[in-house]
Amino acid sequence: MTTNKQCHYSVIHRFDPPIEHMGGQGKAGPYLGNMPECSSLEGDTMKKQGAYGKIKTHKESKLSQLCRIDEVISAFMLLYMNPLRSNINTPYIRTTFNAADLQFCDAILQNVSRSFAAVIRQLPSVMLVDVLVFYLVLRALDTIEDDMTAFSDNKEKIKHLLEFHETALADPNWTMDGVGEGEERRLLQNFTHVHSVYASLSPAAREVIENITQRMAEGMGEYVGKDLGQGTADIPAYNRYCHFVAGLVGEGLSRLFAASGLESPSLANETHLSDQMGLFLQKTNIIRDYLEDYVDGRAFWPQTVWKKYSATGDLGYFKDQQFEANREASLKCLNELVTDALELVPDCLLFLSKLRCAEIFRFCAIPQVMAIATLEKCFNNPDVFTGVVKIRKGLSCKLILNTTDVRGVHSMFYLFATQINAKADPADPSYERTKKICNTILELTSPDDGKERLSRNIKFWGASATLFSLGLLGSAFFKKNSVVSLSTMTGLSISIGYIFTSKTKISSNFSALKTAETLKNEQ
């Protein structure tokens with residue numbers, strides 16, 4: 001080696017042969033002796049499991065983000081005026097669960113999944129902790145599955161997976177050390193806190209969590225021994241994997257919703273729609289995480305799709321974006337997979353239409369609109385093959401504010417389906433298929449209140465213009481601070497205009513859904 005450019009001394013400390021290659025006539029063994037014990041480590045919170053966090057993230061410039069006034073306003077509204085309200089400290093939760101154990105669960109939830117933490121905390125108190133624990137249990141199971149180095153062989157890993165529901169969920173003292181990285185490792189090391197809260201859940205909730213955990217572990221075990229370096233074999237295998245790791249989550253959540261009494265008991269039987277909801281989210285993540293998964297050696301893009309476009313027959317062909325042929329082929333492959341995911345949208349919208357509790361609706365809707373926004377960002381985007389593509393934070397805030405009801409969610413799906421439709425290229429092999437599903441989504445979500453929205457926009461800019469004029473007068477009066485006065489009044493005028501025109505929208509559209517408190521009083 002003549003260069004140290006690719007030597008990562010911060011993570012590579014020794015070059016021992018793998019355990020399975022030790023022994024033999026040469027009696028190969030650890031070059032530097034036994035590996036040091038790490039059982040006392042609490043986990044480096046800066047580390048992420050696998051290739052996560054080690055791949056470039058494509059972000060838009062701050063200037064580009066600030067130029068989108070509607071997203072800046074949405075961020076301000078969500079942070080300071082209309083945030084997602086947390087119900088974690090309600091009297092019911094405080095008197096039902098051990099405070100120290102619940103505090104650990106809430107804190108670790110924030111650390112292992114910042115995006116899901118907020119939507120879980122806004123759930124009704126009667127089922128918030130059920131979903132919180134459900135998430136942490138499955139996150140712990142997923143940490144075991146994802147660790148590629150902690151176990152001596154696949155048989156040992158599969159054994160831990162299959163026994164998880166009998167060990168972690170049955171033994172109050174069960175913990176696991178040396179598996180995972182960062183906060184995921186700490187979750188396993190301190191799993192007794194999770195078990196304590198789990199044990200305090202209702203029997204119905206515990207039954208759902210145990211059942212889904214067992215079935216998910218069995219599915220994970222099926223894929224542990226498979227070589228996924230080049231992705232799944234075909235679309236059925238791709239769908240099957242997504243079912244095990246996400247579709248079952250959707251089923252479990254539907255059963256918890258029904259068990260809470262806030263949704264119809266029949267929702268527990270909507271297994272197909274629940275499964276499709278999970279598949280939509282998982283496929284979006286798999287599409288976005290192409291490079292991370294490929295580098296990690298566990299990819300999931302189906303071979304029957306990508307091999308149609310790879311000239312070398314290797315999944316890594318697409319990451320070589322310096323060649324024109326590779327770029328063109330990679331986008332065709334990407335667009336076919338995005339289209340495949342979009343075909344799940346009609347079922348997702350149907351599931352959302354069956355919900356009646358406002359908080360549960362929002363819990364389900366927020367990830368769904370984030371997913372279609374991500375798919376729109378990924379569609380025909382070569383950045384997917386050189387890093388991780390993420391939607392803007394301001395856009396995320398805007399999406400959250402528009403998920404209070406079915407109408408708002410439909411408007412977001414309509415927007416992104418329109419944008420994907422506009423980007424579709426007639427030369428793309430999936431063009432007709434893409435146009436067909438986009439048009440289907442547009443038909444399902446077509447707004448029927450164009451005049452109402454136009455009226456709202458007129459009121460918005462009218463209120464903003466009036467207040468902006470006052471800002472001009474104020475800046476003229478206070479000459480010394482004219483710039484400050486002008487900028488301040490501009491921001492206030494737009495924000496107040498937004499509030500003025502959005503209050504009617506939120507209150508009128510929310511009537512189709514009922515809060516958990518209202519539903520409880522009606523029972």
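What you see is a predicted model; the values in this text were computed from it and never measured.
In this structure, Tyr238 and Val305 have side chains that are not in contact, with every pair of non-hydrogen atoms separated by 4.5 Å or more. Counting heavy atoms from C-beta on, the side chains of Val389 and Thr57 never come closer than 4.5 Å. Contact annotation: the side chain of Val388 never approaches that of Leu291 to less than 4.5 Å [non-hydrogen atoms, C-beta and beyond]. For the pair Trp306 and Leu337, the minimum side-chain heavy-atom distance is 4.5 Å or more. In this structure, the side chains of Phe257 and Leu262 stay at 4.5 Å or more apart for every pair of heavy atoms. Annotation: side chain of Val249 is in contact with side chain of Leu138 (closest heavy-atom distance under 4.5 Å). At a threshold of 4.5 Å between non-hydrogen side-chain atoms, the residues Asn98 and Val197 do not count as touching.
Here Lys159 does not pair with Glu156 in a salt bridge; the nearest charged N to carboxylate O distance is not below 4.0 Å.
Using cut-offs of 30° and 60° for the angle between ring planes, the Tyr290 and Tyr294 rings count as parallel.
Atoms CD1 and CD, from Ile286 and Glu292 in turn, are 12.5 Å apart once rounded to the nearest 0.5 Å. Taking CD of Glu184 as the reference point, atom OG1 of Thr143 lies at 5.0 Å (rounded to 0.5 Å). For the atom pair Ile120 CD1 and Ser86 OG, the distance stands at 11.0 Å (nearest 0.5 Å). Here the straight-line distance linking atom CG of Leu132 with atom CZ of Phe116 works out to 12.5 Å at 0.5 Å rounding. Rounding to the nearest 0.5 Å places OG1 of Thr515 at 15.0 Å from CZ of Phe361.
Judged by distance alone, the side chain of Asp130 and the main-chain N or O of Ala205 form no donor-acceptor pair under 3.5 Å. A side-chain donor-acceptor contact under 3.5 Å links Glu263 to the backbone of Arg356. Using modelled atom types, one side-chain atom of His58 and one backbone atom of Asp383 make a donor-acceptor pair closer than 3.5 Å. Although no hydrogens or angles enter the test, the distance criterion places a donor-acceptor pair under 3.5 Å between the side chain of Arg362 and the main chain of Ile400. A donor-acceptor pair under 3.5 Å links the side-chain atoms of Glu359 to the main chain of Ala516, judged by distance alone. Distance alone, capped at 3.5 Å, places no donor-acceptor pair between the Lys283 side chain and the Cys242 backbone. With Glu443 contributing its side chain and Thr440 its backbone, the two residues share no donor-acceptor pair below 3.5 Å. Side-chain atoms of Thr175 do not come within 3.5 Å of backbone N or O of Phe191 as any donor-acceptor pair. In this structure, Glu270 contributes its side chain and Ser254 its backbone to no donor-acceptor pair below 3.5 Å. Asp234 contributes a side-chain N or O that, together with a main-chain N or O of Ala237, makes up a donor-acceptor pair within less than 3.5 Å.
Within the structure, salt bridge (charged side-chain N to carboxylate O under 4.0 Å, His left out) pairs that include any residue of residues 79-101 do not occur (at least two apart or interchain).
Between Ser200 and Thr96, the closest heavy-atom pair is CB-O, 4.2 Å. The two residues Gly180 and Asp147 come nearest to each other via the heavy atoms N-OD2, 2.6 Å. Residue Arg139 comes nearest to Val112 through the heavy atom pair NH1-O, 2.9 Å, listed as atom of the first residue, atom of the second, then distance.
Glu207 pairs by the salt bridge (Lys or Arg N to Asp or Glu O under 4.0 Å) definition with Arg255, not counting sequence neighbours. A search for side chain to side chain contact (heavy atoms under 4.5 Å, CB included) contacts involving Ser264 returns Ser266, not counting sequence neighbours.
Aromatic ring centroids of Trp174 and Phe164 lie under 6.0 Å apart.
Open room surrounds NZ on Lys59; 12 or fewer heavy atoms of other groups in view lie less than 6.0 Å from it. Atom CD of Glu163 has more than 12 heavy atoms from other residues, nucleotides or ligands within 6.0 Å.
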*Given side chain to side chain contact (heavy atoms under 4.5 Å, CB included), test Trp301 with Thr232 step by step and report yes or no.*
CA-CA 6 Å; Trp301 283 25; Thr232 51; over 6 Å; no
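Partner His193 forms a ring pair (Phe, Tyr, Trp, His ring centres under 6.0 Å) with one of Phe104, Tyr198, Phe97 and no other, that one being Phe104. Of the candidates Ile391, Leu78, Ile366, Ser396 forms a side chain to side chain contact (heavy atoms under 4.5 Å, CB included) with just one, namely Ile391.
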